[in-house]
Structures are given as C-alpha cells and as structure tokens.
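For ligands, and for the atoms within them, numbers begin at 1 and follow the listed sequence. We use all heavy atoms of the structure for the numbers below, so side chains are in, but hydrogens, waters and symmetry mates are not. Being a predicted model, the structure only gives us computed values, none of them experimental.
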Amino acid sequence: MKILVTGGAGYIGSHMVKTLGEKGHDIVVYDNISTGHKDSVLYGRLVIADLADIGALDRLFREESFDAVLHFAAHIVVDESVENPIKYYKNNFSNALNLIEACVRHNVDKFIFSSTAAVYGIPEKDSVSEDTPMLPINPYGASKLMVEQALKDISRSSALRYVSLRYFNVAGADPLSRIGQKYMDATHLITVSLRAALGLRDQLNIFGTDYDTPDGTCIRDYIHVDDLIDAHMLALDYLSSGGGSRVFNCGYGHGYSVREVVDKVKEVTGRDFKAIETGRREGDPPSLVADSSRIKKELGWRPSHDDLEYIIRTAWEWEKKLFNAQGSQT
Ligand code: UDP
C-alpha cells in the first residue's frame with residue numbers, strides 16, 4: 001500500500017515506518033522535524049513540511065495516491081500544553097483537521113489516529129474501557145479529544161473511515177537500537193529515569209507518594225512501542241478489509257507504580273541514582289490502566305512484549321547508544 005505517515009521522524013512514528021518498511025509498503029513521511037529527526041526515518045521518502053501548510057499538503061496528495069494515512073505528528077508535553085494551549089490546539093487539532101480535510105478532498109478513506117488515555121482525564125475506575133467518560137483535564141488531552149470528535153462527525157458525512165488508538169504509557173525502543181526516543185526534553189518516567197542512570201541528570205523526582213495506591217505512587221500501564229505498532233498494523237488490515245470506524249485502547253491491562261519502575265530501572269541498568277520524593281505533579285490520575293479487551297477481541301491484538309524488564313532494557317540500550325553517539329562521558 002502507499003501510506004502517508006505524519007510525524008514519521010518522531011519516536012512512535014519512526015517505529016511505525018520501520019514496521020511498514022519491513023513489510024514492503026511504499027511510505028511517505030511528512031514531518032516538520034521540530035522534534036523528529038531525519039535519521040530516524042529508516043524507510044520511505046521524507047517530506048519536510050508543516051501540516052499548517054495546506055498548499056504543501058494539497059500538492060502532496062495530488063502527487064501521490066495514498067491508500068491510507070497514519071497521523072502521529074503532535075505535541076505531547078502535558079505541562080507545556082497548560083502553559084501554551086494555543087500551540088496545542090493549533091498543532092494537535094487545527095493541523096489534524098487540515099490533514100483530515102486533505103484526505104476527504106482526495107478520497108483517501110483510511111485514517112489511523114494517535115489518540116491518548118489523556119482523553120479520559122482522571123477516571124473514577126482504575127481499569128478504563130473505551131466507554132469511560134472522556135473528561136480531559138489539560139489542553140493536550142482536550143486537543144486529542146477534539147480530533148476524535150471531528151473524525152466521528154467527518155466520517156459520518158464522507159467516505160472516511162478511521163481507527164483511533166488511545167495510547168497508554170508508551171515506552172521501550174527498537175531491540176536493534178536503530179531508533180528510539182530522541183527528544184532531549186523528554187519528561188516521561190522511563191526516559192527520565194534512564195537519563196538519571198546515565199548521569200545526565202542529577203536526580204529523578206518521584207511526583208507524589210501519598211496516592212491511594214499500594215505504595216503511594218501512581219500506577220500506569222506501560223506498553224512497548226513495537227506492540228503499539230502491531231496494533232496499528234492490525235487497524236490498517238481492519239480498515240483495508242472494509243471495517244468501519246472504531247476506537248481502541250492500547251495498553252496491557254495492568255500497571256506498575258512509579259517506585260516499581262524506578263526499582264526496575266536500577267536493576268536493569270545496574271546503576272543507582274537519586275530518586276527524590278517530591279510533591280504531586282498537577283493533574284496526575286492515581287492510576288491509569290487500560291481495559292484492552294476490545295482491541296484483543298475485535299482486532300485479535302496479542303502483545304509480545306508485556307514485560308517491564310524488556311521495555312526498560314530496550315530503552316536502556318537505545319539511551320546508551322544515543323548519548324555515546326553524542327559524546328557524553330558514558
Ligand atoms: N513521574 C515521576 N517523575 C518523573 C516523571 C514522571 O514521578 O520525572 C510519574 C508521573 O507523576 C506519573 C508517572 O510517573 O505518575 C508516569 O508519568 P509520565 O510523564 O511518564 O506519563 P503520563 O502518565 O503522565 O502520561
């Protein structure tokens with residue numbers, strides 16, 4: 001198939017391109033390289049352009065006849081979205097709308113969207129199904145929910161069919177360390193912990209130890225990026241065989257506390273680092289775990305890497321390679 005991958009130079013998008021390329025698909029990556037990297041694109045043709053550029057999008061859609069679009073390009077830092085909501089509404093919502101409009105105008109009828117568990121806000125139940133009320137508590141989650149709403153409406157009035165995948169906590173890297181999280185200002189727990197283990201940060205802050213959880217720290221459902229990509233491949237097969245629009249959670253269905261993750265990082269890396277208990281970070285739900293029964297049942301998703309140690313090990317190998325390559329003292 002001829003496939004457009006937006007954000008294909010970024011962390012998750014580059015893993016998508018890897019898998020699509022290995023399966024022989026014809027790929028065009030559309031990325032403005034604001035947080036992505038050219039050398040993360042292992043297959044296909046890279047078009048460096050912005051989704052705000054409607055003219056560039058239109059030209060590309062006229063030149064290439066895409067069978068499907070996978071939309072990864074987005075800003076993802078929750079705190080930043082609170083400080084600068086316009087940036088998030090522009091890029092995550094308005095630019096997504098430009099892309100969806102290009103699909104409708106050029107008769108591309110298959111669309112896969114990177115959504116997020118942040119659409120649920122602070123859910124009342126620990127295990128979150130797709131029918132849990134969506135009450136995002138920050139502009140990041142709200143901007144993703146707005147795209148889901150737009151897709152719902154647009155798919156009713158056009159031939160467009162979509163799958164929206166709500167990611168839980170994506171982590172880990174390519175087992176051959178060709179690609180991984182390259183974002184220098186990464187805020188996610190596993191990346192930050194590994195950078196503390198490498199000595200690139202003085203310490204890791206544990207945000208809150210007084211939650212109503214077994215060890216007082218927050219629980220999250222960490223999913224290996226390659227399992228997430230498998231979910232996209234299944235979604236693509238599903239849409240290709242005529243499936244209608246669907247929304248699926250992507251997580252393993254069980255979680256780990258911040259303390260458990262930090263302990264596992266220390267064990268896997270064999271390095272100790274300071275983990276300082278600090279106050280809560282605003283807007284963190286105590287526990288966020290996917291009920292992923294729908295994607296297992298409807299798409300037959302069977303994760304292969306449901307193993308925190310594997311997730312951390314692949315990320316660790318990647319981080320070591322990344323920072324050695326950049327000349328740090330590791
Ligand atoms: N966390 C932490 N210290 C950090 C980064 C994250 O204690 O430096 C905690 C955070 O409060 C949350 C969990 O780790 O409870 C996962 O946070 P992350 O930012 O990785 O993902 P999120 O669940 O916010 O999408």
Side-chain angles (χ1 to χ4, degrees), residues 10-12 35 74-83 88 92 114-123 126-128 132 134-145 165-173 180-181 183-225 228 249-266 269 273-290 308 311-312 315-316 319:
Y11 167 50
I12 301 174
T35 53
H75 294 314
I76 58 155
V77 181
V78 170
D79 286 353
E80 186 190 41
S81 80
V82 175
E83 280 156 30
Y88 278 69
N92 292 7
S114 301
S115 189
T116 169
V119 297
Y120 298 115
I122 302 189
D126 285 353
S127 176
V128 183
T132 301
M134 290 186 287
L135 300 162
I137 53 158
N138 49 59
Y140 168 65
S143 66
K144 290 281 184 174
L145 177 56
L165 297 172
R166 294 184 185 148
Y167 305 170
F168 282 65
N169 289 62
V170 186
Q181 173 66 267
Y183 190 42
M184 287 308 129
D185 299 326
T187 56
H188 290 130
L189 179 63
I190 291 179
T191 304
V192 171
S193 304
L194 290 170
R195 291 180 187 175
L198 275 173
L200 297 165
R201 303 172 57 102
D202 293 340
Q203 64 184 60
L204 169 88
N205 294 322
I206 296 183
F207 297 140
T209 53
D210 58 348
Y211 286 98
D212 185 16
T213 58
D215 70 14
T217 65
C218 292
I219 293 174
R220 294 289 181 275
D221 186 338
Y222 296 91
I223 162 176
H224 192 276
V225 60
L228 181 72
N249 282 341
C250 292
Y252 291 142
H254 61 88
Y256 296 94
S257 72
V258 174
R259 283 193 212 278
E260 285 173 321
V261 170
V262 171
D263 287 348
K264 191 55 99 180
V265 168
K266 289 183 177 178
T269 63
F273 53 88
K274 267 193 270 175
I276 308 292
E277 296 181 3
T278 65
R280 293 182 176 196
R281 185 173 70 175
E282 208 187 320
D284 269 336
S287 178
L288 200 52
V289 174
L308 185 62
I311 293 174
I312 292 173
W316 173 234
E319 291 288 330

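- Residue-level proximity to ligand 1 for Y222 is carried by the side chain, the only part with a heavy atom below 4.0 angstrom.
- Taking CG of D215 as the reference point, atom CZ of R259 lies at 5.5 Å (rounded to 0.5 Å).
- Below 4.0 Å from some heavy atom of V258 lie the following atoms of ligand 1, by number and element: 7 (O), 9 (C), 13 (C), 14 (O), 15 (O).
- Ranking protein heavy atoms by distance to atom 24 (O) of ligand 1, first place goes to R281 NH2, 2.8 Å.
- If you take OH on Y256 and CG on L189, they are separated by 13.5 Å, rounding to the nearest 0.5 Å.
- Using a 3.5 Å distance cut-off with no hydrogens or angles, the side chains of E80 and Y140 do not pair a donor with an acceptor.
- The proximity of L189 to ligand 1, defined as any non-hydrogen pair under 4.0 Å, involves the side chain as well as the backbone.
- Below 3.5 Å of separation, one finds no N or O of H188 facing any N or O of ligand 1.
- Neither side chain, T278 nor N205, offers a donor N or O lying under 3.5 Å from an acceptor on the other.
- No donor-acceptor pair closer than 3.5 Å links the side chain of D221 to the backbone N or O of G255.
- Between E282 and D79 the shortest side-chain heavy-atom distance does not fall below 4.5 Å.
- No N or O atom of I206 sits closer than 3.5 Å to an N or O atom of ligand 1.
- Residue C218 has no nitrogen or oxygen atom sitting less than 3.5 Å from a nitrogen or oxygen atom of ligand 1, judged on distance alone.
- Atom CG of D284 sits about 4.5 Å away from atom OH of Y211, to the nearest 0.5 Å.
- Side-chain atoms of K144 never come within 3.5 Å of backbone atoms of A117 as a donor-acceptor pair (strictly under, hydrogens ignored).
- Looking at Y11, its side chain never comes within 3.5 Å of a backbone N or O of A173 through a donor-acceptor pair.
- Looking only at heavy atoms of the protein, atom 3 (N) of ligand 1 is closest to N205 O, 2.6 Å.
- Looking at atom 4 (C) of ligand 1, its nearest protein heavy atom turns out to be F207 CE1, 3.4 Å.
- One finds the OH atom of Y120 at 3.5 Å from the CG atom of N249 (value rounded to the nearest 0.5 Å).
- By the 3.5 Å distance cut-off applied to N or O atoms, R220 is counted among the residues near ligand 1.
- Here the heavy atom of the protein found nearest to atom 5 (C) of ligand 1 is T187 O, 3.4 Å.
- Ranking protein heavy atoms by distance to atom 11 (O) of ligand 1, first place goes to D284 OD2, 2.5 Å.
- Here is the list of ligand 1 atoms found below 4.0 Å of a heavy atom in L204: 8 (O).
- For Y140, the heavy-atom gap to ligand 1 stays at 4.0 angstrom or more.
- Nearest residue to atom 25 (O) of ligand 1 from N169, V170, V261 is N169 (criterion: closest heavy atom).
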